[in-house]
Structure formats: structure tokens, C-alpha cells
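Below: the structure, in C-alpha cells.
Remember, it's 1-based here, ligands and their atoms both numbered in the order they're listed. We're numbering straight along the sequence, starting at 1.
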Amino acid sequence: MLVDLVLKNARICLPNRIVEAGLAVNDGRIVKVSKEVNLPPACESLNLKGNFVLPGVIDAHVHLRDQDLSYKENFFTGTCAAASGGVTTVLDMPNNVPVTMSLDSLLERMKIAAKNSIVNVAFYSAFPKRLEEMREIVELGAKGFKFFFSRQIGGVSPEDEESLKIFFGEAAKLDVPVLIHAEDKAFLESKMEELKRNGRCDVSAFSEAHSAESEVKAIKHAIKISYGSGVHIHICHVSAGKSVDVISSAKRKGVPITCEVTPHHLLLSKCEMDLQGFIALTNPPLRSEADREALWHALKGGVIDIISSDHAPHALYEKMKKSVWDAATGFPGLETMVPLMLTQVNNGRLSLLSMVRLMSKRPSEIFRIRERGCLREGCFADFIVVDFKREWKIDSSRFYSKAKFSPFDGKIVKGRVIKTFVNGRLVMDEGEIVGKPGTGEIIR
Ligand code: DOR
Ligand code: ZN
Ligand code: ZN
């Protein structure tokens, strides 16, 4: 059999070991991982010169925007950023304009994404207004429901305890997770009002309002709801040591709970906000060194399940405000996540196999991104080629994302994604996007 492509002379990351081997691709799938002599003949052959092949990263927390927020990002620019950063599948958040919260709004996003995406895209929805619509949304392909405890996005108010139980219960019946933005609304608002009354509008006031206590309170609230219905809850962007303690004890009690951490919460602390101002402003905010250490500890101990970017692009002018209360929170992360974590692998803080588990394998399992996230024969050919030892400087002015800023701008990193393959096709080569819009699949 003549296959489409073989990659030779590579170090291939399998789930539990790294092998010196080659890899054959046909019809968008991996058809063989073996020593070079056993590879089938191919139309095209690439010598990888000893570089690493890793499963493409599955980023479970991405805001791709588009539609009425296209000025911040769209499916094309966002998925180019993903391809450039070594991310082959993104899961898109629903806080869009219009909000993804109905069959129609999800279908519309899927249509735009199908035409414009370079990497694979899967979707979350917010809760719809009508309970019955949850089933239709899941049948169309949503991978979960995102719920903000801090403010109403979608059909259910965080203050409506009865509806919360019913909608979370329906997610359990439909066997999909509810993703939690964990901040207690009442707690947050009363603190924010008090700070505003006192004329505070600086970054530390933002951190005081969006406190670790508020995060913990919301996580406990979500766990309590899960006790009733058995729904799988996934806590987004865990930022505080106390939060991982609560999640760890819930896990020990058998609560179906998973969680994620971002590279910025692992690698930066609140002093970054004093240095970089609102560029480093994100929600949840960067916290103390002790929190950061606790997150690393939880990551290594298996309490934290995955690493996600929380790619949150904005126009720069939306961040450059006088008052912190007016500034947009978040920054792009798709182009920095993999190199930042490869740097940690190079530093000996994390093993390469753990990184692959946290960024490809576990996200595919948790969100049921089938036959991806792993370099196994029969799986989709989503993978990246990594020059593990290459040192380079992050330059946000060269991002594919429309948001050309980052708190990691100017940082030296070690490890570079030199090629990205999606569904067997080369989409990024040495920093250049070579894939066509539409290469990415809509994952249902
Ligand atoms: O910093 C953030 N940005 N936190 C969120 O919860 C939302 C996100 C966004 O959409 O910009
Ligand atoms: Zn969030
Ligand atoms: Zn987010």
C-alpha cells in the first residue's frame, strides 16, 4: 500500500514512553508507528532529524470570539494562532455576542468555524432558556455547558438555586460536564462595591474583589449541586491553593470533578501586575507565590487534570483603561502555552510524558474528543514536531492572534513547535501558516 506521508527519524511520544521511530499517515489517520524499515512506501517522506513528535495539544479553554466580537478575534485568526502554537483542537467558550446558548446560535458558530478554521474546533454552550433545548444542543455536538457563578451568561441566573439544580441535573442525564467559572456573585459584588466606594481602581483592588475566598465559595457551591445530581463538574482556571485543597478532598470523596490550570497561573504571580499593569490583568487574577507553588504541587499530585490556555483576546485599547473596573480581563494564550510548558520540561519541572498527558491525552478523555490526543495507529493524524532544544524569544507583535500583547512578551523560552499537522495535513511550517481554512474539523 502506498500511503500519503511518512515521517522518519523521529522521537515519538507514546502514552508511556518515547520511541525512536517513524510514523505513517494515510487519509488523515495515523496508520503506523514503527521502526523505519517497517514503514510502508509513501507519496511523501519527511526526515525529522531526531526531533520530537508529540500529539497535537487539545486546548479545552479558548475564547475564539468571531461574530460581533470579530474585532477581538475570529475563527481564522484564532485557529492560526492555535496552529502556530502547536494546538490542533480547541474547545470554544460560549460568552460570545450573540451568546452560544441555543441550537440556532451553536449551529451558526459551527457554520462559520467550518469554513474558516485551520485546526479542529469543538464547542461548549451556555445553558439555554428552555431546559428541553439542552438535549438538542448536546445532540448537535456541544461538549459541555459553561456556567459562570459570577454573572448571568445564558438562560440561568446564578442566584436561581432551583433552576441550577434542574439544569445541572439535566447535564448529568445527558452525560456531559458542566464547566464552572468559579466566583461567588454576592461575595464578589459586595467586595467590589466596597472597594469602589473607597475610590479604589488599581490592580490590587481587582485582586481583592476577585478573591481566592470567592473562588473557593463557588467551587463548594458547585460540589454541593453535584452531590445532588451526580453531574460531572469541571472547574476552569483554578488559581488558588485553597481551591485545590477543596477539589482534592472532593475527589477523595468520589465527587465527579475535574479541573484545569493555566500556564499563567502556574508561572506568574501578582507582582507581575505591578510590573506590567493591565496587560497582565486576567480573571481569576494572578495570585501569590504560595498559591503558585500549591498549583504546581497539585499538578504533580494529579489533583489538577489538565492545562488549558484560557486564550482571551481583546483589542489593546480595551485593556488600556484608567480604572481597573473598565479594563478588559484576559490575554491571548494559544501561541505561548506549548513553548512555556516545553521550557518547564527543559528545566526539569515537568516530564515530557506528563506534559503530553496534561495537554493532549486527558483533555481528549475528559471532553470526549475521540481518537485524538494520542499517537496511536488508527487515530487522527493531529501531531506536532518539536525542536526541544531551540531557544527563542516570545514576540507578541508577531502573533497570529489579533491580540498582539502578552504578559510573556520578551520572555526567552526553550522548545519550539516547528510543524503542526491537523488531520494529516501540514498547517504550520517553521512559524508560517500553510494550511487552508477548512482543514480543521468541527468535532461533535
Ligand atoms: O479573564 C477572563 N477573560 N476571564 C473570564 O472569565 C472571561 C475571559 C474573556 O472572555 O475575556
Ligand atoms: Zn472564566
Ligand atoms: Zn475563559
Side-chain angles (χ1 to χ4, degrees), residues 59-74 78 81-82 87 90-101 109 123-126 143-154 158 177-185 188 192 203 206-207 209-212 214-215 218-219 222 233-240 243 259-265 268 270 272-273 276-287 306-319 321 324-334 337 363 367 401-403 405-407:
D59 189 343
H61 191 145
V62 172
H63 301 268
L64 282 177
R65 319 288 195 204
D66 209 303
Q67 297 175 293
D68 291 1
L69 297 178
S70 288
Y71 70 97
K72 293 179 194 257
E73 194 81 290
N74 61 38
V87 174
V90 299
L91 284 92
D92 176 62
M93 285 293 171
N95 58 328
N96 302 300
V97 183
V99 174
T100 317
M101 57 181 284
R109 275 187 86 67
F123 292 87
Y124 303 117
S125 175
K143 292 292 180 185
F145 290 91
K146 174 79 182 277
F147 188 73
F148 293 78
F149 272 100
S150 51
R151 66 194 160 115
Q152 183 169 352
I153 296 177
V178 177
L179 292 95
I180 308 291
H181 176 103
E183 278 193 284
D184 185 80
K185 186 169 186 285
L188 166 69
M192 199 150 65
V203 278
F206 183 90
S207 298
H210 298 266
S211 62
S214 154
E215 182 170 290
I219 294 172
I233 47 176
H234 176 82
I235 312 295
C236 295
H237 45 50
V238 171
S239 68
S243 302
C259 69
E260 69 187 22
V261 70
T262 67
H264 48 276
H265 290 109
L268 303 176
K270 59 184 169 199
E272 211 64 39
M273 293 204 282
Q276 304 210 41
F278 296 176
I279 289 288
L281 186 72
T282 183
N283 189 25
L286 303 174
R287 302 208 189 272
I306 61 172
I307 301 174
S308 315
S309 73
D310 197 3
H311 178 79
H314 295 285
L316 188 57
Y317 70 84
E318 295 175 299
K319 295 199 63 88
K321 302 283 181 178
V324 79
W325 311 117
D326 299 329
T329 59
F331 38 75
L334 281 167
M337 175 162 71
F367 298 105
S401 170
K402 287 193 182 188
F405 54 85
S406 165

Practice problem: Step through it carefully: locate the ring centre of F147, locate the ring centre of F145, and say whether they are under 6.0 Å apart. | Solution: no
TODO: Could you tell me whether H237 and H181 have their ring centroids closer than 6.0 angstrom?
DONE: yes
If you measure only the distance, is there a donor-acceptor pair under 3.5 Å linking the side chains of [X] and [Y]?
| X | Y | answer |
| --- | --- | --- |
| N95 | H63 | yes |
| D59 | S309 | yes |
| S70 | N74 | no |

the protein heavy atom lying closest to atom 2 (C) of ligand 1 turns out to be T329 OG1, 3.4 Å
Atom 5 (C) of ligand 1: closest protein heavy atom, distance to 0.1 Å, is N283 O, 3.8 Å
Within the 4.0 Å heavy-atom shell around [X], which atoms of ligand 1 are there?
| X | result |
| --- | --- |
| H181 | 6 (O) |
| R65 | 9 (C), 10 (O), 11 (O) |
| T282 | 1 (O) |
| G330 | 1 (O) |
| N95 | 9 (C), 10 (O) |
| H314 | 11 (O) |

Metal site the Zn ion (ligand 2): N/O/S of C236 inside 2.8 Å: no
- [ ] Report yes or no: does H61 have an N/O/S atom closer than 2.8 Å to the Zn ion (ligand 2)?
- [x] no
Derivation of the salt bridge (charged side-chain N to carboxylate O under 4.0 Å, His left out) call for K72 and E318:
CA-CA 10 Å; K72 293 179 194 257; E318 295 175 299; 3.2 Å; yes
For the 3.5 Å polar cut-off, considering only N or O atoms, please tell me whether D310 and ligand 1 meet it. no
Does any N, O or S atom of H63, backbone or side chain, fall under 2.8 Å from the Zn ion (ligand 3)? yes
For H181, the N, O or S atom at the shortest distance from the Zn ion (ligand 2) is ND1
- Task: Answer yes when D92 and R109 have at least one side-chain N-carboxylate O distance shorter than 4.0 Å, and no when they do not.
- Result: yes
Contact region, E318 to ligand 1, non-hydrogen atoms below 4.0 Å, reads neither
Check your understanding: Under the ring-ring contact (aromatic ring centres under 6.0 Å, His included) criterion, do H311 and F331 qualify, and how do the steps go?
Key -> CA-CA 6 Å; H311 178 79; F331 38 75; 9.8 Å; no
Can you tell if the side chain of P284 reaches within under 4.5 Å of the side chain of H210, non-hydrogen atoms only? no
Checking K319 against Y317: charged group under 6.0 Å from the ring centre and within 45 degrees of the axis? no
Sub-4.0 Å heavy-atom approach of M93 to ligand 1
no
Among the N/O/S atoms of D310, the Zn ion (ligand 3) lies closest to OD1
